[in-house]
Amino acid sequence: MDEPDYAIQLPHFTGPLDLLLHLIRKQEMDIHDIPIAEVTHQYMAYLSTMQETYLEVASDFVVMAATLLSIKSRMLLPQKATDVDTTEEDPRTDLVKQLLEYEQIKVSAEVLRERAMERALLFTRQPMDLSPYASVGPTPLVAVSVWNLVDAFRAIYRRLPKETTAAEIRTAVLRMEDVSRNLLERLRRYGRCFFFDLLQSANTRSELVATFLVLLELMKDQIVQCIQPHPLSDIEVIYTEKDVVSESMPAEHHDKG
Amino acid sequence: MRQVMLLQIVPALEAVLFAAGTDGLSTQELAGILQVPPHEVVALCDELRQHLSTRESGIQLLEVAGVWQLSTRAEHAHYLHRMTESSTSTTLSPAALETLAIVAYRQPITRSKIESIRGVHSDRALQTLLYRQLIAEVGRENAPGRPILYGTTDHFLQTFGLLSLADLPELPEEPQAEKLVLFEQESALPRD
Amino acid sequence: MRQVMLLQIVPALEAVLFAAGTDGLSTQELAGILQVPPHEVVALCDELRQHLSTRESGIQLLEVAGVWQLSTRAEHAHYLHRMTESSTSTTLSPAALETLAIVAYRQPITRSKIESIRGVHSDRALQTLLYRQLIAEVGRENAPGRPILYGTTDHFLQTFGLLSLADLPELPEEPQAEKLVLFEQESALPRD
């Protein structure tokens, strides 16, 4: 708790306000009278460290840096000491307001987190299957079409967090290894199966493409054999059990391409 | 002294059996969870059974095929019957519909895979779909715990007017993450 | 006499709540199933709650998200963890929690308002919360571009053990404007 010097060892701030608040509270500065030059200096020091490692998150932090610098310069403008009842606003006012609101939210978030943890200690049970108690079967559904299913599926995809895909792009090589391992595991289990069934577990287009590429690679290495009895019929994939090295990674060939 | 210690575990036993639901737990499994020897599990279960009956609880402890399981009592069946009546509706909730869509397009599929796609627990939605006979257990996955695999039923095909699963409409071009950001507005889907 | 009759329904109440499991049942639903007026349902629930605690049961009665629900007790959590594989619900990141707190206390709210409070882009946090169904789109703001308004869901209430939004813990006192005046002397700066 009592670290002698400020900031830098804590890289995980959720945003510029989080960082700023941390600097202010840590130095026990008065939030209503922030020593802006001091805070700006510390903030910039943190930022330059961060920019070396977390380039992508820096933009919001940079905006705040600009705000701090602008406040600092406005405060350096000469003022009359007798100016007590001036209508001119303290350039820090908005920032202070924002910090206070943010701090309130931060505390609430912590309270919520604790509540969720308490709640996570309680377990309920799956609803009982009541069908034996139903006198007649369930009333038939009305007005559902197959398009409701398609819409429902689309709704799920709209909701899927972006990070899944963002990670896929950056770690394409790793993902290929996963896909390959997964595919081999399934092939070993099934022995032989249809091409279509094999691709069905793919949730995204890139997973589909990855699975397909891995399959080609496995064919090339003669770990699987593919047979198509007639043109356009489903291709059968047969595992030939040649991959003695269980974790052999055909995907490695792809990381250049 | 030992006896007293053991009795303190009875509420824990009740809690564990409660959460285990319809599957119940074997003596062996209970011994592992409660960290007591198997023969003491049996004594504890007897104790719990007695507790439940003397305190006129609405639930009872049964031993079926070597598995301990909590259940409701026969005399309350008519209340449960009334429960099914209040819950039958002629539409599916959005949650049930989503779950059904996943089962339809990704079958056979386990509950945990469904939940990882939807991002939330799907017990209730699955229960509804099973009750409505739109989906059914179609096997077990060859994986630890041998989880149940679900698939759609003939009744599903009938309800949605499909000849076979091959008749399911193709999914729209998969929205990639980029698209999620760019097209936040709902775009109208082509209908036939 | 009436009182005695009512008490006999307590086991039935326990049975139907047991059957409902995770879903729970609202006062209204219970009134229909047990065929008693709603205010008596509440009395019965209190009775059951007391029963369960005096007889040292492993389960308890909760009122969450507008429904009555049976659950295990916190003190048995370690037995239950031993039983269940880690649940799908992984903890939320601090960024997602902050965003959730803003939505909870300021709903309905647009993304841009959330971002102005957090001071940082919140796409990803929002996406995570939508995926976990802790928040949902609840409408559009009547403003240029008709931006989406977000609000919390019932699943949010469940997850945080809240009866309703009114049950949210109060926001910490915000320092009042008067306090600003206190520092006037120490500062050479003009205040408004």
Side-chain angles (χ1 to χ4, degrees), chain B residues 7-22 25 29-30 32-35 48 51-52 54-60 70-73 75-87 95 112 115-116 118-124 127-128 144-145 177 180-181 184-185, chain C residues 7-23 25 28-30 32-35 48 51-52 54-60 70-73 75-85 87-89 111 123 127-134 146-148 153 155 158-159:
Chain B
L7 286 184
Q8 284 170 353
I9 306 181
V10 173
L13 171 65
E14 187 179 3
V16 166
L17 284 170
F18 170 82
T22 328
L25 290 164
E29 288 170 317
L30 283 171
I33 294 165
L34 301 173
Q35 312 261 285
L48 174 59
H51 266 226
L52 289 169
T54 54
R55 77 202 191 189
E56 289 181 30
S57 165
I59 54 186
Q60 60 181 334
L70 291 175
S71 88
T72 54
R73 292 177 192 278
E75 68 241 51
H76 299 129
H78 65 286
Y79 292 106
L80 298 180
H81 171 69
R82 223 177 273 147
M83 239 173 114
T84 67
E85 287 178 334
S86 62
S87 66
S112 74
E115 291 177 344
S116 86
R118 290 194 59 221
V120 286
H121 284 291
S122 306
D123 288 339
R124 181 190 183 172
Q127 209 65 51
T128 306
L180 276 175
V181 189
E184 231 152 27
Q185 312 274 18
Chain C
L7 285 184
Q8 284 170 353
I9 306 180
V10 173
L13 171 65
E14 188 177 3
V16 295
L17 285 171
F18 175 84
T22 335
D23 293 351
L25 289 164
Q28 212 50 251
E29 288 169 318
L30 283 171
I33 294 165
L34 302 172
Q35 310 263 284
L48 175 59
H51 267 224
L52 289 170
T54 53
R55 77 202 192 190
E56 289 182 32
S57 166
I59 53 186
Q60 62 180 334
L70 292 176
S71 90
T72 60
R73 293 178 192 279
E75 67 241 52
H76 299 130
H78 63 286
Y79 292 108
L80 290 149
H81 280 303
R82 221 177 275 152
M83 182 176 81
T84 55
E85 350 76 82
S87 66
T88 31
S89 60
R111 190 183 70 186
D123 285 339
Q127 211 67 43
T128 304
L129 297 173
L130 283 167
Y131 174 62
R132 302 276 297 269
Q133 296 184 28
L134 294 165
R146 301 193 34 79
I148 295 169
T153 61
H155 181 61
Q158 282 272 359
T159 306

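Naming convention: chains lettered A, B, ... in sequence-line order (proteins, then strands); numbering from 1 in each chain.
- Within the 4.5 Å cutoff, no side-chain heavy atoms of Val120(B) are placed close to those of Leu134(C).
- Taking each heavy atom of Leu80(C) and Val16(B) in turn, the nearest pair found is CD2-CA, 3.9 Å.
- Counting heavy-atom pairs closer than 4.5 Å to chain C, the top-ranked of the candidates Thr72(B), Leu13(B), Leu25(B), Thr22(B) is Thr72(B).
- Atom CD in Glu29(C) sits 14.0 Å away from atom CZ in Arg82(B) (nearest 0.5 Å).
- Among His81(B), Met83(B), His78(B), the one residue that satisfies the side chain to side chain contact (heavy atoms under 4.5 Å, CB included) test with Ile33(C) is Met83(B).
- The shortest side-chain heavy-atom distance between Glu56(B) and Gln8(C) does not fall under the 4.5 Å cut-off.
- If you tally non-hydrogen atom pairs under 4.5 Å between each of Arg118(B), His51(B), Gln127(B) and chain C, the highest count goes to Arg118(B).
- Within the 4.5 angstrom heavy-atom criterion, no atom of Thr54(C) approaches chain B.
- The shortest distance between side-chain heavy atoms of Arg55(B) and Ser57(C) falls below 4.5 Å.
- Heavy-atom distances place both the backbone and the side chain of Gln35(B) under 4.5 Å from chain C.
- Scanning both residues, Gly58(B) and Ala15(C), for their nearest heavy atoms gives O-CB, 3.7 Å.
- Note that the OH atom of Tyr79(B) and the CD atom of Glu14(C) stand 13.5 Å from one another [nearest 0.5 Å].
- Interatomic distance, CG of Asp23(C) versus OG1 of Thr128(B), reported as 7.0 Å (0.5 Å rounding).
- Both the backbone and the side chain of Leu70(B) come within less than 4.5 Å of a heavy atom in chain C.
- Proximity to chain C is absent for every atom of Arg73(B), based on heavy atoms less than 4.5 angstrom apart.
- His76(C) has its side chain within reach of Pro11(B): a pair of non-hydrogen atoms, C-beta onward, lies under 4.5 Å apart.
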